[in-house]
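Whatever order the structure lists ligands and atoms in, that order sets their numbers, starting from 1.
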Amino acid sequence: MMRTRLGPAVLTAARSVTGPKTLQSIRNLATVAPVESATRNHKVVVVGGGTAGLTIVHQLLRTGKFSKDDLVVVDPAEWHHYQPGWTLVGGGLKTREELRKPLGSLIDPKLKFYNESVQGFSPENNLVTLGNGDKVSYEQLVVVPGININYGGIKGLPEALADPNSLVSSIYGYETCNKVFGTIQQLKKGTAIFTQPAGVVKCAGAPQKAMWLALDHWKKAGLYKPTDPSNSPIKIAFATGLPVMFGVPKYSAKLEELRKERGVEGLFQHDLVAVEGNKATFSNDADGGKEVTRDFDLMHVVPKMGPHAFVKSSPLANEAGFVDVDDGTTRSKKFANVWSAGDASSLPTSKTAAAITAQAPVLVKNLLRAMEGKELEPESIYDGYTSCPLVTEYGKVLLAEFKYGGVPKETFNSWFGIDQVEPRRAFYHLKKDFFPWVYQNYMVKGRWAGPKGWTR
Ligand code: UQ1
C-alpha cells in the first residue's frame, strides 16, 4: 500500500542508505536481522509527541488524506504531561498523576509510533536517524520536540531540588512540582523568593503564578499581610531576569500594580546563578552582572531552558538553536519540506499550549499545500497568537492573550467587550476546569483550535 504512495524523493533517499532493495525486503531486514539498522519510509514524520506533535499529527490524520502508517510520531517518552496544569499542582489544586497519560494511549492506531529518541537530521536526504540507529525517511518533516530543562544551569540547583529537607522546589518538572505545595505549607516565617531566569522559558507567566498562589495561601493562613509586609511573619520577593513583570506592556502594568499593592519586593534583572544552603546568588544584570547574595527560607526556582542538543546541532537550527522557520508560515527557512511549531521553533512568541492552538492549523494547511505541490495560500499565516492564563490568587485569573509585538488579542474582549486585564473568576474556571478538559478530549485529537473553537 505504502509503496504506491511514496514519492520519488523518498525512494531515492531510501536507496541511498540501504542499497537498491525493495521496500518489502527493507522491512524484512528490520524484523529478521534487528542488529542492522533499517530504513523506514513514511509520508510525514512528526518528531515530538507533546502538545504540538499530537495536535498537528491528528489534524493531518483527520483530513482523510492519509493511509495507515503514512504518518509517524517519534518520541522516546513514556508519558505525555499536561504541563499547564503543573502550576495548579504547585497550588495544591491538582495532582500530577491526573495530568499525565501514557503517550502511546494518545496516539491514534492509524499512526506509526516510534517510541525512540532522535540522533540527528539529514534534511538533504530527507532522513531522520533514530536513537537505535534506524533511519526514517519522509516527504515532509515536522520538528516539534519542545525544549530542554537545564537544571544544572544554576549551580547547586539539582542538589537543592533533590534534597527532601530543603524548601527549594519548582513547578517546571514532573518530579519537582510535587514538592512545591508542601514547602508552601511548611513555611511559617522567613523570606520566600520566587525566581524567573533571564532567557527563554516555557510560559513566561508561570513563575509568578506560583508566587501569587503561595502569597494567597499565606495570606489566608494569617502569615502574610499584603498591606503590612514588614510586620508579617513571611516576606516575599520576586527575582526575575527581566526588567519588568511581564513581556506585554498592558498586562505588565497591571501585574506591577498587584506586586506593589501586595507588598512583594521586586528584584528586576536579577538572574539566579547559584543556590547553596539558604543562600541564593544572583547576577544583577542592571549592574554589569555584579553578584548579589540573598538569604532565603523558601525558594521557588525556574530553571534555565534551551533547545535540545539534537536540534541545536542540526542543519535545521538558527544561531540560538531553534528550528529556523518563517514567522508566518511555520516553514523552515532552509528546507521547503520541513516545518516547526511550539517551543522548539524560532517563532518569536511566548511558548504555551495556547500558542499551539493557533500554530497547528496554519502549519497543517501549509504542509498539505506543499505536499500537493501548490503555492501556500497567502492568508494562511500565523499572527503570533499566544495566551497566558495568569492565576493571580485562588479563584482569579488574568487572561492575557496577545500576538506578535505584544499586541493584545483578547477573545472575550472581541466577543463581549470584557477587558481581560481584570482578574476574573470565570477565567479561573477556564484555566482549572475547561482547558484541561478540552485539551484531553479535543485538542490532542486534532479537534480544537483554541479561540477559533472546535473543528470537525
Ligand atoms: C486554549 O485553547 C488552551 O488549550 C486548551 C489553553 O490551555 C493550555 C489556554 O490556556 C488557552 C488560553 C486556550 C485558548 C482558548 C480560549 C477559548 C481563549
> Can you find a heavy atom in the side chain of L298 that is under 4.5 Å from one in the side chain of F194?
Replying inline: yes
>> Check for me whether K351 meets the cation-pi criterion with F322, that is, NZ or CZ under 6.0 Å from the six-membered ring centre and within 45 degrees of the ring axis.
In response: yes
>> Measuring from non-hydrogen atoms of F434 to any atom of ligand 1, is the shortest distance under 4.0 Å?
In response: no
> When R259 is tested against each of E261, E257, E256 for salt bridge (Lys or Arg N to Asp or Glu O under 4.0 Å), which residue passes?
Replying inline: E256
> Counting each atom of ligand 1 from 1 as listed, which ones have a heavy atom of P451 under 4.0 Å away?
Replying inline: 14 (C), 15 (C)
> Of all the heavy atoms in W437, does at least one lie under 4.0 Å from an atom in ligand 1?
Replying inline: no
>> So that I can tick it off, tell me whether E265 and K235 are bridged by a salt bridge, with the cut-off set at under 4.0 angstrom between side-chain N and carboxylate O.
In response: no
> Heavy-atom contact under 4.0 Å between K431 and ligand 1?
Replying inline: no
> Between T51 and Y439, does any side-chain donor sit less than 3.5 Å from a side-chain acceptor?
Replying inline: yes
>> If the cut-off is 4.0 Å to any non-hydrogen atom of A353, which atoms of ligand 1 fall inside it?
In response: 8 (C)
> Among protein heavy atoms, which sits nearest to atom 18 (C) of ligand 1, and what does the distance come to when rounded to 0.1 Å?
Replying inline: E401 OE2, 3.3 Å
>> Using a 4.0 Å cutoff against the non-hydrogen atoms of V438, which atoms of ligand 1 qualify?
In response: 5 (C)
> In terms of residue, atom name and distance, what is the protein heavy atom nearest to atom 11 (C) of ligand 1?
Replying inline: F435 CZ, 3.3 Å
> Is it true that the side chains of S137 and N126 contain a donor and an acceptor less than 3.5 Å apart?
Replying inline: no
>> Counting non-hydrogen protein atoms only, what is the nearest one to atom 10 (O) of ligand 1? Give residue, atom name and distance.
In response: P389 CG, 3.2 Å
> Centroid-to-centroid, W339 to Y138, below 6.0 Å?
Replying inline: no
>> Looking only at side-chain N and O atoms, does S67 offer a donor or acceptor that is under 3.5 Å from a partner on D69?
In response: no
>> Need the ligand 1 atom indices (1-based, order shown) with element for anything under 4.0 Å from a heavy-atom of W448.
In response: 1 (C), 2 (O), 5 (C)
> By number and element, which atoms of ligand 1 are closer than 4.0 Å to a non-hydrogen atom of P84?
Replying inline: 8 (C)
>> In terms of relative ring orientation, are W86 and Y174 parallel, tilted or perpendicular, with 30° and 60° separating the classes?
In response: tilted
> atom 12 (C) of ligand 1: which protein heavy atom is closest, and how many Å away?
Replying inline: S387 OG, 2.9 Å
>> How far is atom 4 (O) of ligand 1 from the closest protein heavy atom, and which atom is that?
In response: M443 SD, 3.8 Å
>> Can you confirm if the aromatic rings of Y394 and Y428 lie within a centre distance of less than 6.0 Å?
In response: no
>> Residue-level breakdown please: for Y82 versus ligand 1, do any non-hydrogen atoms fall below 4.0 Å on the side chain, on the backbone, on both, or on neither?
In response: side chain
> Which atoms of ligand 1 sit under 4.0 Å from any heavy atom of A354?
Replying inline: 9 (C), 11 (C), 12 (C), 13 (C)
